[in-house]
Amino acid sequence: MGRPEGLSVDPSVYDAIAELYDPWSLSVTEDVPFYVAEARKAGGPVVELGVGTGRIAVPTAAAGVPVIGVDSSVGMLEICRRRATEAGVAELLDLRLGDIADPPVSEHVSLVTCPFRSYLHLTSAPARLSALTAARDMLLPGGRFIFDVFAPYR
């Protein structure tokens, strides 16, 4: 699969804000128990698209569920690795650099997630369709894809 037009903004934009992301999102915790519970139900590993700094992935790993995390930002992944090491769960996180519309994941899993509106960073209908298709293609029969979006104004 090639990179669809409008896939996302330049990854360097996310690299530039990587160190600011956790302080900015510190108060966003209400979804963490939900995603951790769903990961526990699914077993593991789970795939998290747009893993960022590990806001969901690190607590999921701390609950004993392996996570394959995909993100387009080297800076965000570095922070996620650091957080996982500090939490003692680095061995449960498999972090991969890549786009959520064409993730570098060949495994098939019971659960794919894309928390905290990461799909809204895709700027075109073809990119969004590629991302949804990629998520579906990673799922085992009966698997689930859980994502968070809102309807933006157009």
Legend entry - Residue of the set V51, V67, D31, T113 for which side-chain contact (heavy atoms from CB on, under 4.5 Å) holds with I56: D31

Tell me the closest heavy-atom pair linking [X] and [Y], and the distance in Å.
| X | Y | answer |
| --- | --- | --- |
| A90 | T85 | CB-OG1, 3.8 Å |
| A101 | A127 | CB-O, 3.8 Å |
| G50 | D71 | C-OD2, 3.4 Å |

Any side-chain heavy-atom pair of [X] and [Y] under 4.5 Å:
| X | Y | answer |
| --- | --- | --- |
| D148 | Y35 | yes |
| L49 | F147 | no |
| P104 | V70 | yes |
| L93 | C80 | yes |
| V109 | L140 | no |

Legend entry - Cluster check F34, L111: I/L/V/M/F/W/Y, side chain < 4.5 angstrom: yes

Legend entry - Those residues that, when tested against E107, pass salt bridge (charged side-chain N to carboxylate O under 4.0 Å, His left out) (two or more places apart): R96

Inset, instruction - Using modelled atom types only, decide if a donor and an acceptor are shared between the side chain of R83 and the backbone of V58 within a distance under 3.5 Å. - result: no

Legend entry - Whether H108 side chain and P141 backbone form a donor-acceptor pair below 3.5 Å: no

Show me the side-chain donor-acceptor pairs of residues 41-48 shorter than 3.5 Å, one per line, residues at least two apart or across chains.
| residue | atom | partner | partner atom | Å |
| --- | --- | --- | --- | --- |
| K41 | NZ | E38 | OE2 | 2.9 |
| E48 | OE1 | A57 | N | 3.2 |

Inset, instruction - Cation-pi check, R136 to F145: give yes when NZ or CZ is under 6.0 Å from the six-membered ring centre and within 45° of the ring axis, no otherwise. - result: no

Could you tell me the separation between the [atom1] atom of [X] and the [atom2] atom of [Y], rounded to the nearest 0.5 Å?
| X | Y | atom1 | atom2 | value |
| --- | --- | --- | --- | --- |
| L77 | S72 | CG | OG | 8.0 Å |
| L132 | C114 | CG | SG | 9.0 Å |
| R81 | T53 | CZ | OG1 | 13.0 Å |

